[in-house]
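To keep things clear, I will list the structure first and then write my remarks on it.
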Amino acid sequence: MRLATWNINSIRSRADRALAFLERSGTDVLALQETKCKDEQFPREVFEAAGYEVATSGYSQWNGVAIVSRVGIADVERGFVGQPAWGEEPVVEARALGATCGGVRVWSLYIPNGREIDNPHYAYKLEWLERLREQAASWLTPGPDGAGDPSAQIALVGDWNIAPLDEDVWDIEVFAGRTHVTPAERAAFAAFATAGYTEVTREHIPARTFTYWDYQQLRFPRNEGMRIDFTYASPTLAARVTGVTIDRNERKGKGASDHVPVILDLAD
DNA sequence: ATGACCAGCTTGGCTGGA
């Protein structure tokens, strides 16, 4: 099975690119982030006409996550238990969508950006990651009610908005005092390993291979990017990963997202 | 060359992105 994740930065602007990517890459399950539309605005017919099923979570023009699958979509969950809210009138944003596709519990995740370190959005980001990690740990932990399953196949995929290593940004000095590289964010990211998950893209992808390049200042042609799109896999799923590809070509040309797809190959 | 921000909404100047 082939499982991919992609922050598409507006599905309505790039539905054609997404479908072309699916067919070119032979991807079975595609987790999308920043779809930037409400559920009723999602161009699901583009995918359904090509034989895919679609699950969406979108409440406004911001955020938005979706899963597109040709191996089934079952038990769709919009948001996770305990997911923090944001805003003056607190709202649980469309940043997490779970569905079971081809036997894998896939979570399409768009972790909050954090904005600046002294912005309340940064505390929200850290809280969001902690609550997600607690839930993710529970999914692998058997309880008296049989809530968790240590052998579950779970993929936590998406735009984590964290660069875990200095080499995950083109110039660490540019990021001094900014979000995405702080010890607190990196600790929140690493805690998923303590919870029993393995980040499975690292070992397959060379250092300084990026997944995001800002639209401004020739960042892509200069290869001044960031690596912030990752996949944490449960033990049984991690054991199935045979390869990982970052589709750098998808950043080229007019109308590209600022992120590119990250593709996992899973043994049958 | 891979090229000099982009998306959405309030349609024109904001917000959010990282």
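Convention: sequence-line order gives letters A, B, ...; per-chain numbering from 1. Keep in mind the model is a prediction, meaning the values are calculated, not measured.
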Nearest-0.5 Å distance, CE of residue A:Met226 to NE2 of residue A:His180: 5.0 Å
Value in whole Å for how far the [atom2] atom of [N] lies from [atom1] of [X]:
{"X": "A:Arg219", "N": "B:dC6", "atom1": "CZ", "atom2": "C1'", "value": "15 Å"}
{"X": "A:Arg251", "N": "B:dC5", "atom1": "CZ", "atom2": "P", "value": "11 Å"}
{"X": "A:Trp213", "N": "B:dT2", "atom1": "CH2", "atom2": "P", "value": "14 Å"}

B:dG12: pairing nucleotide in any strand, Watson-Crick or G-U under 3.5 angstrom: B:dC9
Measuring only the [atom1] atom in each nucleotide, how far is [N] from [M]? A whole number of Å is fine.
{"N": "B:dA4", "M": "B:dT10", "atom1": "C1'", "result": "29 Å"}
{"N": "B:dA7", "M": "B:dA18", "atom1": "P", "result": "14 Å"}
{"N": "B:dT15", "M": "B:dT11", "atom1": "P", "result": "16 Å"}

N-O pairing of A:Arg178 and A:Glu116 below 4.0 Å: no
A:Arg44 to A:Phe47, cation-pi by 6.0 Å centre distance and 45° axis angle: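 No, A:Arg44 and A:Phe47 do not form such a contact.
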Residues that, via side-chain heavy atoms closer than 4.5 angstrom, fall in one hydrophobic cluster with A:Leu165: none
Cluster companions of A:Ile162 among Ile, Leu, Val, Met, Phe, Trp, Tyr (side-chain spacing under 4.5 Å): A:Phe80, A:Trp86, A:Trp107, A:Leu109, A:Ile111, A:Tyr124, A:Trp128, A:Leu129, A:Leu132, A:Trp139, A:Leu140, A:Ile154, A:Leu156, A:Trp160, A:Phe189, A:Phe192, A:Tyr197, A:Phe230, A:Tyr232
Whichever of A:Leu218 and A:Ser10 has its nearest DNA chain B nucleotide further upstream toward 5': A:Leu218
Sugar-phosphate, base or nothing in reach of A:Arg12, heavy atoms under 4.0 Å: sugar-phosphate
Partners meeting ring pair (Phe, Tyr, Trp, His ring centres under 6.0 Å) with A:Tyr122 (sequence neighbours left out): none
Any A:Arg14 side-chain N or O less than 4.0 Å from OP1/OP2 of B:dG8: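 So the side-chain polar atoms of A:Arg14 never come under 4.0 Å of the phosphate oxygens OP1 or OP2 of B:dG8.
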Residue-level proximity of residues 164-174 of chain A to DNA chain B when a heavy atom falls under 4.0 Å: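 Output list: empty, so none.
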Where protein sits on nucleotides 10-18 of chain B, one letter per nucleotide: B base, S sugar-phosphate only, - none, heavy atoms under 4.0 Å: -----BBBB
Identified side-chain hydrogen bond (donor to acceptor under 3.5 Å, both in side chains) partner of A:Asp168 from the options A:Arg227, A:Arg186, A:Arg208, A:Arg202: A:Arg202
Flag side-chain contact, heavy atom, 4.5 Å: A:Gln61 against A:Cys37: no
Listed partners of A:Ala50 passing side chain to side chain contact (heavy atoms under 4.5 Å, CB included), at least two apart: A:Leu19, A:Glu23, A:Tyr52
